[in-house]
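As C-alpha coordinates, the structure follows; a few thoughts come after it.
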Amino acid sequence: MLDSQTIATVKSTIPLLSATGPKLTAHFYDRMFTHHPELKYIFNMNNQRNGDQRQALFDAICAYVNNIENLAALLPAVERIAQKHTSYNIQPDQYDIVGSHLLATLDEMFSPSQEVLDAWGKAYGVLAKVFIQREAQIYQQSETDNGGWRNLRAFCIVKKQPQSDVICSLELAPVDGGQVVDFKPGQYLAVYIKHDSLEYQEIRQYSLTTAPNGKFYRIAVKREDQGKVSNYLHQQAQEGDVIYIAPPHGDFFLEAEAETPIALISAGVGQTPMLSMLHALHDSQHQAEIHWLHAAENGAVHAFAGEVADIAGRMPHLNRHIWYRQPGADDVEGRDYHRQGLMDLNALSDALSNPQMHYYFCGPVPFMQQVAKQLLAMGVEAERIHYECFGPHKVL
(Lines give C-alpha, C1' and ligand atoms only; values in the text may rest on other atoms or scores of the structure.)
Protein backbone atom coordinates (compact mmCIF):
# COMPACT_ATOMS: atom_id res chain seq x y z
CA MET A 1 0.00 0.00 0.00
CA LEU A 2 1.06 3.56 -0.58
CA ASP A 3 1.73 5.93 2.30
CA SER A 4 -0.22 9.16 2.62
CA GLN A 5 2.73 11.35 1.59
CA THR A 6 3.27 9.41 -1.63
CA ILE A 7 -0.45 9.63 -2.44
CA ALA A 8 -0.51 13.36 -1.79
CA THR A 9 2.58 13.93 -3.92
CA VAL A 10 1.18 11.98 -6.88
CA LYS A 11 -2.21 13.69 -6.64
CA SER A 12 -0.48 17.08 -6.62
CA THR A 13 0.52 16.43 -10.25
CA ILE A 14 -3.10 16.12 -11.45
CA PRO A 15 -3.32 19.74 -12.72
CA LEU A 16 -0.09 19.28 -14.67
CA LEU A 17 -1.33 16.03 -16.24
CA SER A 18 -4.66 17.59 -17.18
CA ALA A 19 -2.96 20.57 -18.82
CA THR A 20 -0.60 18.34 -20.82
CA GLY A 21 -3.13 15.81 -22.07
CA PRO A 22 -2.15 12.97 -24.47
CA LYS A 23 1.05 14.81 -25.39
CA LEU A 24 2.39 13.07 -22.30
CA THR A 25 1.69 9.58 -23.60
CA ALA A 26 2.76 10.52 -27.13
CA HIS A 27 6.18 11.42 -25.72
CA PHE A 28 6.20 8.21 -23.68
CA TYR A 29 5.46 5.93 -26.63
CA ASP A 30 7.91 7.70 -28.95
CA ARG A 31 10.62 7.36 -26.32
CA MET A 32 9.89 3.72 -25.54
CA PHE A 33 9.75 2.62 -29.19
CA THR A 34 13.04 4.43 -29.89
CA HIS A 35 14.81 2.52 -27.13
CA HIS A 36 12.86 -0.75 -27.56
CA PRO A 37 11.82 -1.10 -31.23
CA GLU A 38 11.08 -4.78 -30.58
CA LEU A 39 7.88 -3.66 -28.84
CA LYS A 40 6.52 -2.58 -32.21
CA TYR A 41 5.93 -6.29 -32.78
CA ILE A 42 3.45 -6.28 -29.88
CA PHE A 43 1.63 -2.96 -30.17
CA ASN A 44 -0.88 -2.20 -32.90
CA MET A 45 0.97 0.60 -34.67
CA ASN A 46 -2.22 1.76 -36.42
CA ASN A 47 -3.58 2.70 -33.00
CA GLN A 48 -0.36 4.61 -32.38
CA ARG A 49 -0.66 6.57 -35.62
CA ASN A 50 -4.31 7.50 -35.15
CA GLY A 51 -3.78 8.46 -31.50
CA ASP A 52 -6.29 6.00 -30.02
CA GLN A 53 -3.74 4.14 -27.91
CA ARG A 54 -2.13 7.33 -26.65
CA GLN A 55 -5.50 8.68 -25.58
CA ALA A 56 -6.42 5.39 -23.93
CA LEU A 57 -3.19 5.30 -21.93
CA PHE A 58 -3.58 8.92 -20.87
CA ASP A 59 -7.14 8.22 -19.70
CA ALA A 60 -5.89 5.18 -17.76
CA ILE A 61 -3.14 7.21 -16.06
CA CYS A 62 -5.63 9.90 -15.05
CA ALA A 63 -8.06 7.28 -13.74
CA TYR A 64 -5.30 5.75 -11.62
CA VAL A 65 -4.17 9.06 -10.17
CA ASN A 66 -7.72 10.13 -9.37
CA ASN A 67 -8.49 6.80 -7.68
CA ILE A 68 -5.09 6.14 -6.13
CA GLU A 69 -6.70 6.03 -2.68
CA ASN A 70 -9.41 3.62 -3.84
CA LEU A 71 -7.88 0.96 -6.05
CA ALA A 72 -11.06 -1.13 -5.82
CA ALA A 73 -12.70 1.37 -8.16
CA LEU A 74 -10.12 0.46 -10.80
CA LEU A 75 -10.66 -3.31 -10.70
CA PRO A 76 -12.96 -3.46 -13.77
CA ALA A 77 -10.37 -1.52 -15.79
CA VAL A 78 -7.57 -3.69 -14.42
CA GLU A 79 -9.42 -6.83 -15.51
CA ARG A 80 -10.07 -5.48 -19.00
CA ILE A 81 -6.44 -4.46 -19.48
CA ALA A 82 -5.06 -7.66 -17.92
CA GLN A 83 -7.14 -9.74 -20.32
CA LYS A 84 -5.78 -7.73 -23.25
CA HIS A 85 -2.22 -7.93 -21.93
CA THR A 86 -2.33 -11.71 -21.65
CA SER A 87 -3.63 -11.98 -25.20
CA TYR A 88 -0.47 -10.05 -26.18
CA ASN A 89 1.68 -12.35 -24.00
CA ILE A 90 2.93 -9.43 -21.90
CA GLN A 91 5.61 -10.55 -19.41
CA PRO A 92 6.60 -9.13 -15.98
CA ASP A 93 9.97 -7.78 -17.16
CA GLN A 94 8.18 -5.57 -19.68
CA TYR A 95 6.61 -3.65 -16.81
CA ASP A 96 10.12 -2.55 -15.85
CA ILE A 97 10.60 -1.16 -19.35
CA VAL A 98 7.31 0.73 -19.23
CA GLY A 99 8.02 2.07 -15.76
CA SER A 100 11.47 3.37 -16.63
CA HIS A 101 10.18 5.22 -19.70
CA LEU A 102 7.18 6.61 -17.85
CA LEU A 103 9.43 8.13 -15.18
CA ALA A 104 11.85 9.38 -17.82
CA THR A 105 8.95 11.00 -19.67
CA LEU A 106 7.79 12.79 -16.54
CA ASP A 107 11.34 13.97 -15.91
CA GLU A 108 11.93 15.20 -19.47
CA MET A 109 8.59 16.95 -19.85
CA PHE A 110 8.16 18.50 -16.40
CA SER A 111 11.55 18.46 -14.63
CA PRO A 112 9.85 17.69 -11.29
CA SER A 113 11.58 17.24 -7.98
CA GLN A 114 13.12 13.91 -7.03
CA GLU A 115 10.34 13.56 -4.47
CA VAL A 116 7.74 13.60 -7.25
CA LEU A 117 9.65 11.07 -9.34
CA ASP A 118 10.10 8.78 -6.35
CA ALA A 119 6.38 9.01 -5.53
CA TRP A 120 5.44 8.17 -9.11
CA GLY A 121 7.89 5.27 -9.04
CA LYS A 122 6.24 3.85 -5.93
CA ALA A 123 2.75 4.39 -7.37
CA TYR A 124 3.66 2.70 -10.64
CA GLY A 125 5.24 -0.19 -8.77
CA VAL A 126 2.04 -0.87 -6.84
CA LEU A 127 -0.06 -0.84 -10.00
CA ALA A 128 2.40 -2.99 -11.93
CA LYS A 129 2.29 -5.57 -9.14
CA VAL A 130 -1.51 -5.69 -9.35
CA PHE A 131 -1.34 -6.35 -13.10
CA ILE A 132 1.47 -8.90 -12.86
CA GLN A 133 -0.37 -10.91 -10.22
CA ARG A 134 -3.68 -10.90 -12.09
CA GLU A 135 -2.02 -11.76 -15.39
CA ALA A 136 -0.17 -14.67 -13.78
CA GLN A 137 -3.56 -16.03 -12.68
CA ILE A 138 -4.98 -15.69 -16.19
CA TYR A 139 -1.96 -17.42 -17.77
CA GLN A 140 -2.23 -20.24 -15.26
CA GLN A 141 -5.92 -20.78 -15.86
CA SER A 142 -5.53 -20.67 -19.64
CA GLU A 143 -2.86 -23.34 -19.42
CA THR A 144 -4.49 -25.71 -16.93
CA ASP A 145 -8.11 -25.70 -18.18
CA ASN A 146 -9.06 -28.66 -20.40
CA GLY A 147 -7.80 -27.98 -23.90
CA GLY A 148 -5.86 -24.95 -22.72
CA TRP A 149 -2.34 -23.79 -23.48
CA ARG A 150 0.13 -21.06 -22.57
CA ASN A 151 1.44 -18.41 -24.94
CA LEU A 152 0.83 -19.43 -28.59
CA ARG A 153 -0.52 -22.50 -30.36
CA ALA A 154 -0.57 -23.38 -34.06
CA PHE A 155 -3.99 -23.49 -35.72
CA CYS A 156 -4.97 -24.35 -39.27
CA ILE A 157 -7.55 -22.39 -41.27
CA VAL A 158 -9.92 -25.26 -42.05
CA LYS A 159 -12.71 -23.14 -43.54
CA LYS A 160 -12.81 -19.63 -44.96
CA GLN A 161 -16.26 -18.35 -45.90
CA PRO A 162 -17.54 -14.97 -47.11
CA GLN A 163 -20.39 -13.78 -44.87
CA SER A 164 -21.03 -10.46 -46.65
CA ASP A 165 -19.27 -8.14 -49.07
CA VAL A 166 -16.91 -7.01 -46.31
CA ILE A 167 -16.86 -9.81 -43.70
CA CYS A 168 -15.47 -13.32 -43.92
CA SER A 169 -15.36 -16.02 -41.27
CA LEU A 170 -12.46 -18.32 -40.47
CA GLU A 171 -12.76 -21.68 -38.74
CA LEU A 172 -9.56 -22.56 -36.90
CA ALA A 173 -8.62 -26.05 -35.69
CA PRO A 174 -5.46 -26.91 -33.71
CA VAL A 175 -2.64 -28.41 -35.78
CA ASP A 176 -1.93 -30.89 -32.98
CA GLY A 177 -5.48 -32.28 -33.25
CA GLY A 178 -6.18 -31.78 -29.57
CA GLN A 179 -9.08 -30.28 -27.69
CA VAL A 180 -9.49 -26.51 -27.50
CA VAL A 181 -10.31 -24.73 -24.27
CA ASP A 182 -13.82 -23.40 -23.76
CA PHE A 183 -14.47 -19.68 -23.70
CA LYS A 184 -17.15 -17.35 -22.42
CA PRO A 185 -19.53 -16.12 -25.14
CA GLY A 186 -18.35 -12.64 -26.09
CA GLN A 187 -14.62 -13.26 -25.63
CA TYR A 188 -12.01 -12.97 -28.38
CA LEU A 189 -8.95 -14.64 -29.85
CA ALA A 190 -5.64 -12.87 -30.40
CA VAL A 191 -4.32 -13.81 -33.84
CA TYR A 192 -0.56 -13.46 -34.49
CA ILE A 193 0.36 -12.82 -38.13
CA LYS A 194 3.85 -12.88 -39.62
CA HIS A 195 4.15 -12.38 -43.37
CA ASP A 196 6.63 -10.85 -45.81
CA SER A 197 4.02 -8.22 -46.75
CA LEU A 198 3.93 -6.92 -43.15
CA GLU A 199 6.66 -4.75 -41.64
CA TYR A 200 6.12 -6.12 -38.15
CA GLN A 201 4.45 -9.11 -36.59
CA GLU A 202 0.86 -8.00 -36.21
CA ILE A 203 -1.50 -9.06 -33.41
CA ARG A 204 -5.23 -8.54 -33.68
CA GLN A 205 -8.15 -9.56 -31.51
CA TYR A 206 -11.23 -11.03 -33.20
CA SER A 207 -14.42 -12.03 -31.41
CA LEU A 208 -15.42 -15.67 -31.34
CA THR A 209 -18.71 -16.20 -33.16
CA THR A 210 -20.01 -19.59 -31.98
CA ALA A 211 -20.74 -21.25 -28.68
CA PRO A 212 -17.83 -23.29 -27.24
CA ASN A 213 -17.54 -26.74 -28.81
CA GLY A 214 -14.14 -28.05 -27.71
CA LYS A 215 -13.06 -28.76 -31.31
CA PHE A 216 -12.50 -25.52 -33.21
CA TYR A 217 -12.94 -21.76 -33.07
CA ARG A 218 -14.62 -19.44 -35.52
CA ILE A 219 -13.84 -15.75 -35.88
CA ALA A 220 -15.10 -13.11 -38.30
CA VAL A 221 -12.97 -10.41 -39.92
CA LYS A 222 -14.16 -7.18 -41.48
CA ARG A 223 -12.01 -5.93 -44.33
CA GLU A 224 -10.88 -2.39 -43.54
CA ASP A 225 -9.57 -0.12 -46.28
CA GLN A 226 -6.28 0.52 -44.46
CA GLY A 227 -6.29 -2.65 -42.39
CA LYS A 228 -3.06 -4.57 -42.97
CA VAL A 229 -4.18 -7.71 -41.16
CA SER A 230 -7.79 -7.70 -42.33
CA ASN A 231 -6.71 -7.34 -45.95
CA TYR A 232 -4.15 -10.10 -45.52
CA LEU A 233 -6.77 -12.45 -44.04
CA HIS A 234 -9.29 -11.58 -46.75
CA GLN A 235 -7.03 -11.58 -49.78
CA GLN A 236 -4.04 -13.81 -49.03
CA ALA A 237 -4.81 -16.26 -46.25
CA GLN A 238 -6.10 -19.57 -47.56
CA GLU A 239 -7.62 -22.74 -46.19
CA GLY A 240 -4.75 -24.93 -45.01
CA ASP A 241 -2.61 -22.01 -43.85
CA VAL A 242 -1.26 -22.12 -40.29
CA ILE A 243 -1.51 -19.16 -37.94
CA TYR A 244 -0.75 -18.79 -34.25
CA ILE A 245 -3.22 -17.73 -31.61
CA ALA A 246 -3.32 -17.11 -27.87
CA PRO A 247 -6.04 -18.69 -25.70
CA PRO A 248 -9.42 -16.92 -25.54
CA HIS A 249 -9.49 -13.76 -23.44
CA GLY A 250 -11.76 -10.84 -22.68
CA ASP A 251 -13.79 -9.30 -19.88
CA PHE A 252 -16.93 -8.76 -21.99
CA PHE A 253 -19.06 -11.89 -21.97
CA LEU A 254 -22.58 -13.13 -21.38
CA GLU A 255 -23.61 -13.79 -17.81
CA ALA A 256 -27.30 -14.64 -17.62
CA GLU A 257 -29.52 -16.72 -15.41
CA ALA A 258 -32.13 -18.82 -17.17
CA GLU A 259 -34.87 -16.35 -16.24
CA THR A 260 -32.97 -13.19 -17.31
CA PRO A 261 -34.35 -11.35 -20.37
CA ILE A 262 -31.56 -10.43 -22.79
CA ALA A 263 -31.17 -7.78 -25.50
CA LEU A 264 -28.27 -8.24 -27.93
CA ILE A 265 -27.66 -4.97 -29.78
CA SER A 266 -25.09 -4.42 -32.53
CA ALA A 267 -24.08 -2.57 -35.66
CA GLY A 268 -21.84 -3.81 -38.45
CA VAL A 269 -19.14 -6.25 -37.43
CA GLY A 270 -20.03 -5.47 -33.81
CA GLN A 271 -22.49 -8.34 -34.03
CA THR A 272 -19.68 -10.92 -33.76
CA PRO A 273 -19.56 -11.19 -29.95
CA MET A 274 -23.37 -10.98 -29.94
CA LEU A 275 -23.49 -13.96 -32.29
CA SER A 276 -21.49 -16.07 -29.86
CA MET A 277 -23.89 -15.06 -27.09
CA LEU A 278 -26.87 -15.95 -29.27
CA HIS A 279 -25.48 -19.41 -30.02
CA ALA A 280 -24.86 -19.96 -26.31
CA LEU A 281 -28.39 -18.90 -25.42
CA HIS A 282 -29.72 -21.28 -28.05
CA ASP A 283 -27.61 -24.19 -26.86
CA SER A 284 -28.64 -23.63 -23.24
CA GLN A 285 -32.32 -23.48 -24.28
CA HIS A 286 -32.69 -20.07 -22.66
CA GLN A 287 -36.36 -19.61 -21.79
CA ALA A 288 -36.57 -15.88 -21.07
CA GLU A 289 -37.25 -13.39 -23.84
CA ILE A 290 -34.37 -12.46 -26.15
CA HIS A 291 -34.20 -9.49 -28.51
CA TRP A 292 -31.72 -9.40 -31.38
CA LEU A 293 -31.26 -5.84 -32.61
CA HIS A 294 -28.86 -5.23 -35.48
CA ALA A 295 -28.07 -2.27 -37.73
CA ALA A 296 -26.33 -2.51 -41.10
CA GLU A 297 -25.86 -0.24 -44.07
CA ASN A 298 -27.78 -2.65 -46.34
CA GLY A 299 -28.16 -6.30 -47.20
CA ALA A 300 -24.87 -6.51 -49.08
CA VAL A 301 -22.88 -5.92 -45.89
CA HIS A 302 -25.28 -7.64 -43.49
CA ALA A 303 -23.33 -10.70 -42.36
CA PHE A 304 -24.74 -13.87 -40.77
CA ALA A 305 -28.33 -12.86 -41.59
CA GLY A 306 -29.31 -16.40 -42.57
CA GLU A 307 -27.61 -17.92 -39.55
CA VAL A 308 -29.44 -15.64 -37.13
CA ALA A 309 -32.76 -16.22 -38.92
CA ASP A 310 -32.23 -19.98 -38.66
CA ILE A 311 -31.61 -19.73 -34.90
CA ALA A 312 -34.65 -17.49 -34.50
CA GLY A 313 -36.77 -20.14 -36.18
CA ARG A 314 -35.87 -22.56 -33.40
CA MET A 315 -36.29 -20.11 -30.51
CA PRO A 316 -39.88 -18.92 -29.96
CA HIS A 317 -38.73 -16.39 -27.36
CA LEU A 318 -36.34 -14.67 -29.77
CA ASN A 319 -37.42 -11.50 -31.58
CA ARG A 320 -35.34 -10.00 -34.39
CA HIS A 321 -35.24 -6.28 -35.19
CA ILE A 322 -33.11 -5.26 -38.19
CA TRP A 323 -32.34 -1.72 -39.37
CA TYR A 324 -30.84 -0.86 -42.79
CA ARG A 325 -29.61 2.70 -43.07
CA GLN A 326 -29.81 2.73 -46.88
CA PRO A 327 -31.44 -0.44 -48.23
CA GLY A 328 -30.20 -1.69 -51.57
CA ALA A 329 -32.35 -2.30 -54.61
CA ASP A 330 -32.65 -5.99 -53.77
CA ASP A 331 -33.44 -5.51 -50.07
CA VAL A 332 -37.07 -6.22 -49.19
CA GLU A 333 -38.58 -4.60 -46.09
CA GLY A 334 -40.20 -7.17 -43.87
CA ARG A 335 -38.07 -9.97 -45.25
CA ASP A 336 -34.49 -8.64 -45.03
CA TYR A 337 -34.98 -5.77 -42.61
CA HIS A 338 -37.72 -4.25 -40.47
CA ARG A 339 -36.88 -0.54 -40.25
CA GLN A 340 -34.98 1.99 -42.31
CA GLY A 341 -32.54 4.56 -40.97
CA LEU A 342 -30.49 4.61 -37.79
CA MET A 343 -31.37 2.35 -34.87
CA ASP A 344 -34.00 3.96 -32.65
CA LEU A 345 -34.68 2.03 -29.46
CA ASN A 346 -37.66 4.24 -28.67
CA ALA A 347 -39.58 2.35 -31.34
CA LEU A 348 -39.21 -0.75 -29.16
CA SER A 349 -39.45 0.88 -25.75
CA ASP A 350 -42.33 -1.33 -24.64
CA ALA A 351 -40.54 -4.53 -25.67
CA LEU A 352 -37.29 -3.43 -24.05
CA SER A 353 -38.73 -2.07 -20.83
CA ASN A 354 -38.52 -5.25 -18.74
CA PRO A 355 -36.87 -4.14 -15.46
CA GLN A 356 -34.94 -7.44 -15.30
CA MET A 357 -33.50 -7.21 -18.82
CA HIS A 358 -29.76 -6.99 -19.43
CA TYR A 359 -28.41 -5.23 -22.52
CA TYR A 360 -25.23 -6.26 -24.36
CA PHE A 361 -24.03 -4.17 -27.28
CA CYS A 362 -21.10 -3.64 -29.60
CA GLY A 363 -20.38 -1.60 -32.71
CA PRO A 364 -18.75 1.68 -33.76
CA VAL A 365 -18.20 4.03 -30.82
CA PRO A 366 -20.75 6.67 -32.01
CA PHE A 367 -23.34 3.91 -32.36
CA MET A 368 -22.65 2.62 -28.86
CA GLN A 369 -22.79 6.12 -27.42
CA GLN A 370 -26.25 6.53 -28.89
CA VAL A 371 -27.38 3.12 -27.62
CA ALA A 372 -26.14 3.90 -24.11
CA LYS A 373 -27.79 7.32 -24.20
CA GLN A 374 -31.11 5.85 -25.29
CA LEU A 375 -31.02 3.07 -22.70
CA LEU A 376 -30.22 5.48 -19.89
CA ALA A 377 -33.03 7.78 -21.07
CA MET A 378 -35.37 4.78 -20.86
CA GLY A 379 -34.45 4.40 -17.19
CA VAL A 380 -32.13 1.40 -17.54
CA GLU A 381 -29.67 1.16 -14.66
CA ALA A 382 -25.99 1.25 -15.55
CA GLU A 383 -25.36 -2.17 -14.01
CA ARG A 384 -27.64 -3.77 -16.63
CA ILE A 385 -25.69 -2.19 -19.51
CA HIS A 386 -22.68 -4.10 -20.90
CA TYR A 387 -20.58 -3.15 -23.92
CA GLU A 388 -17.35 -3.89 -25.78
CA CYS A 389 -15.07 -1.53 -27.70
CA PHE A 390 -12.96 -2.94 -30.50
CA GLY A 391 -9.47 -1.48 -30.05
CA PRO A 392 -8.47 0.81 -27.17
CA HIS A 393 -11.27 1.15 -24.64
CA LYS A 394 -13.46 4.23 -24.53
CA VAL A 395 -15.87 5.20 -21.77
CA LEU A 396 -19.37 5.79 -23.13
Side-chain angles (χ1 to χ4, degrees), residues 41-42 83-91 135-163 167-198 201-223 229-254 269 272-273 275-284 303-304 306-307 310-311:
Y41 289 84
I42 296 176
Q83 291 287 338
K84 188 65 67 73
H85 281 179
T86 48
S87 79
Y88 282 117
N89 197 29
I90 297 298
Q91 298 300 310
E135 288 160 17
Q137 294 172 345
I138 296 172
Y139 285 128
Q140 180 70 14
Q141 183 174 355
S142 295
E143 183 176 21
T144 57
D145 283 349
N146 290 334
W149 69 96
R150 192 180 185 93
N151 301 331
L152 301 182
R153 186 177 178 185
F155 278 70
C156 179
I157 301 175
V158 296
K159 185 176 182 180
K160 180 179 178 181
Q161 182 177 1
Q163 298 291 347
I167 294 175
C168 74
S169 61
L170 303 174
E171 287 188 11
L172 307 169
V175 171
D176 59 28
Q179 182 181 354
V180 297
V181 66
D182 283 348
F183 56 91
K184 297 175 181 178
Q187 290 189 307
Y188 54 77
L189 288 181
V191 177
Y192 287 62
I193 302 295
K194 289 183 179 179
H195 192 264
D196 292 341
S197 64
L198 302 173
Q201 170 186 267
E202 300 285 354
I203 308 171
R204 296 293 185 273
Q205 285 84 16
Y206 295 108
S207 297
L208 292 145
T209 61
T210 66
N213 57 49
K215 299 177 181 178
F216 67 88
Y217 297 127
R218 187 182 71 172
I219 59 174
V221 180
K222 180 186 177 184
R223 186 182 67 251
V229 175
S230 68
N231 277 283
Y232 168 78
L233 292 173
H234 270 261
Q235 298 171 6
Q236 295 177 266
Q238 301 295 325
E239 292 180 358
D241 287 356
V242 173
I243 60 177
Y244 289 83
I245 64 175
H249 291 94
D251 69 316
F252 174 71
F253 48 82
L254 178 70
V269 74
T272 51
L275 192 59
S276 176
M277 295 180 189
L278 182 62
H279 276 285
L281 291 168
H282 169 268
D283 291 357
S284 67
F304 300 106
E307 184 169 315
D310 182 62
I311 294 174

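Note that these values count all heavy atoms, side chains included, but never hydrogens, waters or copies made by symmetry.
- Of all heavy-atom pairs between S87 and A190, the closest is O-CB, 3.4 Å.
- The two atoms that bring L172 and V158 nearest to each other are N-CG2, 4.4 Å, heavy atoms only.
- Applying the 6.0 Å contact sphere to CZ of F216 captures more than 12 heavy atoms from other residues, nucleotides or ligands.
- At most 12 non-hydrogen atoms from other residues, nucleotides or ligands lie less than 6.0 angstrom from NZ of K184.
- Looking at Q205 and H249, their side chains never bring a donor and an acceptor atom within 3.5 Å of each other.
- Remark: N89 engages Q91 in a side chain to side chain donor-acceptor pair (under 3.5 Å) (not counting sequence neighbours).
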Q: Begin from the C-alpha positions of I42 and I90 and carry the test side chain to side chain contact (heavy atoms under 4.5 Å, CB included) through to its verdict.
A: CA-CA 9 Å; I42 296 176; I90 297 298; 4.0 Å; yes

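- Closest heavy-atom contact between N213 and D182: N-OD1, 4.4 Å.
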Q: Go through the steps to decide whether L275 and R218 satisfy the test side chain to side chain contact (heavy atoms under 4.5 Å, CB included), and finish with yes or no.
A: CA-CA 11 Å; L275 192 59; R218 187 182 71 172; 3.5 Å; yes

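- Heavy atoms only, all atoms of each residue included: S276 and T210 are closest at OG-O, 2.8 Å.
- The main-chain N or O of G240 is never found under 3.5 Å from a side-chain atom of K160 such that the two would form a donor-acceptor pair.
- For Q141, the CD atom counts as loosely surrounded, since its 6.0 Å shell holds 12 or fewer non-hydrogen atoms of other residues, nucleotides or ligands.
- Listed here is the closest heavy atom pair of Q236 and H195: NE2-CE1, 3.3 Å.
- Listed here is the closest heavy atom pair of P212 and F183: CG-O, 3.1 Å.
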